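Worksheet: one structure, shown below.
Fair warning: this is a prediction, and the values are worked out from it, not measured in the lab.
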Amino acid sequence: MNKRDKLHVPLGIELLFENKLLDKYKILLLLDSFAELGRTKYILFLEIVYYYSVSSLNSKINPYIENKPQQDVSNLIMRFEKELPGLLLDLYGADLIEVKKEKQFKRDKIRVKITMEGRKLVVNFDDAIKKEYTEIVLEESYTNSKLIELRKGERYV
């Protein structure tokens, strides 16, 4: 018995909320936004969690988020943070991102940036969607305390 059989969630709903391919594209769009803005250094793991969370809570990007309880927001962030290493590994294996890590492997010491192959993949995305991600990167500044607020559901975008 797999997870889907146990929960009885319709496939359309499951794909909407647990779509790893969509999550990978969102990560690439965020990393491409940093590159577009001239940020050539590597992006920290926790920065990706923060910007992904902010973008997922943006009603222009995700209209389904409106009227969500704070508990759901916290769950969204925790789920993504847990799945991010695997998503990054998939993107790295496809040569869409570069990964840099310290000698001692710690999750929050991982840093990534998009490759030219990754940029080629997102170049055909709708300009309005790309603009929304770029605006989030421009308007938001990552700090660890802001991420903690998001995790607790204290800061709702």
Side-chain angles (χ1 to χ4, degrees), residues 1-35 39 41-102 104-115 117-119 121-122 125 129-130 132-134 136-137 140 142-157:
M1 178 181 276
N2 65 30
K3 183 171 89 172
R4 187 171 166 4
D5 292 336
K6 198 185 313 183
L7 295 176
H8 303 291
V9 176
L11 182 59
I13 300 296
E14 186 175 330
L15 288 175
L16 181 63
F17 291 102
E18 292 187 22
N19 190 333
K20 291 183 192 280
L21 183 60
L22 183 59
D23 288 340
K24 291 174 194 174
Y25 278 120
K26 288 178 181 180
I27 293 166
L28 288 175
L29 283 166
L30 284 170
L31 294 175
D32 185 63
S33 295
F34 282 108
R39 185 166 170 192
K41 64 180 184 174
Y42 289 79
I43 311 302
L44 287 168
F45 176 90
L46 292 176
E47 278 185 274
I48 295 170
V49 171
Y50 176 75
Y51 285 107
Y52 177 92
S53 301
V54 170
S55 66
S56 295
L57 300 175
N58 182 309
S59 60
K60 291 179 186 174
I61 292 174
N62 185 1
Y64 303 103
I65 200 67
E66 290 190 6
N67 302 319
K68 283 271 188 195
Q70 286 183 342
Q71 181 180 0
D72 289 353
V73 171
S74 297
N75 290 341
L76 171 80
I77 295 166
M78 288 187 325
R79 179 191 66 81
F80 178 71
E81 195 168 349
K82 179 180 161 194
E83 292 178 0
L84 183 56
L87 297 170
L88 293 177
L89 188 60
D90 290 346
L91 293 170
Y92 175 73
D95 293 324
L96 299 174
I97 63 169
E98 292 177 26
V99 176
K100 196 174 193 180
K101 63 178 182 66
E102 304 296 321
Q104 186 178 17
F105 185 78
K106 290 188 178 176
R107 183 180 69 160
D108 37 332
K109 298 292 183 188
I110 298 171
R111 295 179 287 161
V112 301
K113 74 177 181 179
I114 195 166
T115 63
E117 288 301 313
R119 295 201 73 194
L121 188 64
V122 297
F125 267 73
I129 293 172
K130 288 171 62 173
E132 289 298 327
Y133 279 91
T134 302
I136 287 169
V137 170
E140 291 288 333
Y142 165 77
T143 64
N144 198 36
S145 60
K146 286 182 180 180
L147 179 59
I148 291 168
E149 288 174 4
L150 277 174
R151 284 178 180 151
K152 291 180 179 178
E154 294 173 0
R155 180 169 181 255
Y156 199 91
V157 179

Side chains of Glu140 and Tyr51: do they bring a donor and an acceptor to under 3.5 Å? no

Are Tyr133 and Asp32 close enough that a side-chain donor and a side-chain acceptor fall under 3.5 Å? no

Glu81 meets the side-chain hydrogen bond (donor to acceptor under 3.5 Å, both in side chains) criterion, sequence neighbours left out, with Arg107, Arg151

Set of residues satisfying side-chain hydrogen bond (donor to acceptor under 3.5 Å, both in side chains) with respect to Lys24, sequence neighbours excluded: Asp90

Is it true that, when you exclude Phe80 itself, more than 12 heavy atoms of the residues, nucleotides or ligands shown sit nearer than 6.0 Å to its CZ? yes

Tell me, yes or no, whether the heavy-atom count around Phe125 atom CZ, taken from other residues, nucleotides or ligands under 6.0 Å, exceeds 12. yes

Interatomic distance, [X] atom [atom1] to [Y] atom [atom2] [nearest 0.5 angstrom]:
| X | Y | atom1 | atom2 | result |
| --- | --- | --- | --- | --- |
| Ile136 | Tyr52 | CD1 | OH | 11.5 Å |
| Leu30 | Thr134 | CG | OG1 | 9.0 Å |
| Leu21 | Leu87 | CG | CG | 10.0 Å |
| Lys109 | Leu44 | NZ | CG | 8.0 Å |

Of all heavy-atom pairs between [X] and [Y], which one has the smallest distance, and what is that distance?
| X | Y | value |
| --- | --- | --- |
| Lys130 | Leu29 | CG-CD2, 3.7 Å |
| Leu28 | Ile114 | O-CD1, 3.6 Å |
| Leu31 | Lys113 | CD1-C, 4.4 Å |
| Val137 | Ser33 | CG2-CB, 3.9 Å |
| Ile97 | Leu88 | CD1-O, 3.4 Å |

Applying side chain to side chain contact (heavy atoms under 4.5 Å, CB included), run through Tyr25 and Leu121 and close with a yes or a no. CA-CA 9 Å; Tyr25 278 120; Leu121 188 64; 3.7 Å; yes

Flag, side chain of Ser53 to backbone of Ile77, donor-acceptor distance under 3.5 Å: no

Side chain to side chain, Leu84 and Ile27, heavy atoms closer than 4.5 Å: yes

In the structure I gave you, are the side-chain heavy atoms of Tyr92 and Val112 within less than 4.5 Å of one another anywhere? no

